[in-house]
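Heads up: numbering here begins at 1 and tracks the sequence. Predicted, not measured: the structure shown is a model, and the values here were computed from it.
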Amino acid sequence: MNLIKLDAIHSTNDYLKELSQQKNLENFTVVTAKSQTHGKGQMGAVWDTENDKNLILSILIKDVVYNINTIFNLNVIISVSVINALNSLKISNLNIKWPNDILAENKKIAGILIENSIKENGTIESIVGIGLNVNQTNFQNLPKASSLKNTMHQDFEIDTILENIVFKIEQNVEKLKNNNIEFFWNEYESYLFRKGKPTVFENANQERFMGIISGVSSNGQLEILLGDDTTKQFGLKEITMIY
């Protein structure tokens with residue numbers, strides 16, 4: 001593993017992105033930090049973390065996504081890889097909350113942010129940021145957040161988890177060469193939070209409605225079965241799950 005360890009940084013994603021623009025980095029180069037001041041989540045959210053208690057990492061991934069229309073495939077592979085790594089630690093009741101939040105016991109323990117860039121030669125390069133709550137126990141004003149320690153009532157070795165996650169990502173990317181992507185999609189949807197269960201959602205106009213998650217489309221939209229037996233697709237900014 002080409003690993004760059006930092007004590008503190010504004011954002012591991014930004015740092016790795018800038019570094020990759022300055023030099024040709026090997027695939028799966030990893031940047032990790034004990035703390036970051038401007039960690040990013042989905043849709044511009046801020047990822048707050050206590051110093052030296054959680055796993056903060058960004059990993060450069062090349063030669064996986066070749067078509068802009070199949071970019072969500074990488075979300076699927078990364079989400080499944082994190083689940084695989086956590087399963088090896090016997091973490092209980094794991095789910096993937098669409099599109100790629102990781103839950104344990106119905107509380108968020110990890111977030112994934114993937115930033116893609118198209119190079120001049122047409123190739124797609126991705127910076128995958130993963131924030132995993134490990135040994136932090138206090139989540140004031142965040143009732144839906146948790147950590148591995150809160151879930152399993154024990155401390156965890158952060159470096160070991162880092163190695164496990166990166167290993168699973170590399171392993172699954174290698175598997176992709178010999179398996180159809182549906183292999184990973186099936187695993188992704190098997191962990192999909194509240195799939196097949198009546199759930200309350202809120203749209204962009206703050207109107208609430210009931211629906212049942214039936215799956216995720218190939219471009220990453222959530223497919224919901226509505227009360228009139230029609231299925232509608234929703235993008236990330238169009239809907240919020242109420243649970």
Side-chain angles (χ1 to χ4, degrees), residues 1-6 8-33 35-49 54-83 85 96-102 110-132 162 165-177 179 181 184-185 188 216-222 233-238:
M1 184 195 312
N2 182 19
L3 176 61
I4 301 169
K5 283 189 170 185
L6 305 170
I9 191 67
H10 56 293
S11 162
T12 55
N13 261 34
D14 287 348
Y15 180 90
L16 185 53
K17 191 187 307 179
E18 292 165 8
L19 197 62
S20 69
Q21 292 170 352
Q22 296 168 7
K23 60 175 71 174
N24 184 28
L25 299 175
E26 66 180 71
N27 207 3
F28 304 113
T29 292
V30 175
V31 172
T32 185
S35 68
Q36 60 179 1
T37 55
H38 293 85
K40 295 184 290 185
Q42 292 283 4
M43 297 172 60
V46 176
W47 182 276
D48 288 324
T49 179
N54 302 312
L55 176 60
I56 304 164
L57 76 96
S58 294
I59 179 169
L60 174 67
I61 297 184
K62 300 185 276 189
D63 305 322
V64 175
V65 178
Y66 298 98
N67 187 319
I68 195 72
N69 297 318
T70 61
I71 274 181
F72 197 78
N73 288 345
L74 185 57
N75 285 264
V76 169
I77 292 171
I78 299 301
S79 300
V80 167
S81 297
V82 173
I83 289 283
I96 301 169
K97 179 176 172 288
W98 174 84
N100 48 24
D101 282 346
I102 307 299
I112 299 168
L113 177 67
I114 301 178
E115 298 179 283
N116 303 290
S117 60
I118 302 175
K119 300 301 178 181
E120 291 181 357
N121 59 6
T123 61
I124 298 175
E125 192 172 280
S126 303
I127 304 292
V128 177
I130 301 172
L132 173 65
L162 167 66
I165 289 177
V166 175
F167 173 77
K168 284 297 182 182
I169 290 173
E170 292 190 47
Q171 186 181 56
N172 284 337
V173 167
E174 185 63 28
K175 278 183 181 179
L176 183 60
K177 298 176 182 177
N179 291 274
I181 187 62
F184 295 100
W185 270 92
Y188 174 88
V216 178
S217 68
S218 60
N219 64 350
Q221 292 195 312
L222 190 65
Q233 295 184 355
F234 295 88
L236 184 59
K237 298 180 180 181
E238 296 175 326

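- Of the possible polar contacts, none joining the Ser126 side chain to the Glu115 backbone as a donor-acceptor pair under 3.5 Å is found.
- Using modelled atom types, no side-chain atom of Lys62 and backbone atom of Thr123 make a donor-acceptor pair closer than 3.5 Å.
- Asn100 is not listed as a side-chain neighbour of Ile78, based on a closest heavy-atom distance of 4.5 Å or more.
- You'll find the ring centres of Phe72 and Trp185 inside the 6.0 Å limit.
- A distance of 12.5 Å separates CG in Asp14 from CG in Leu19, rounded to the nearest 0.5 Å.
- Side-chain atoms of Ser79 come within 3.5 Å of backbone N or O of Asn75 as a donor-acceptor pair.
- In this structure, the separation between CG on Asp63 and CG on Asn27 is 6.0 Å, given to the nearest 0.5 Å.
- Thr12 OG1 to Leu57 CG: the interatomic distance, rounded to the nearest 0.5 Å, is 7.0 Å.
- How far CG of Asn116 is from CD1 of Ile71: 4.0 Å, rounded to the nearest 0.5 Å.
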### Intermediate values then yes/no, side-chain contact (heavy atoms from CB on, under 4.5 Å), Phe28 and Asn2
CA-CA 7 Å; Phe28 304 113; Asn2 182 19; over 6 Å; no

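- No more than 12 heavy atoms of other residues, nucleotides or ligands shown are found within 6.0 angstrom of CZ on Phe167.
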Is there a side-chain hydrogen bond (donor to acceptor under 3.5 Å, both in side chains) between Asn13 and Ser11? Walk through the geometry before answering.
CA-CA 5 Å; Asn13 261 34; Ser11 162; 5.6 Å; no

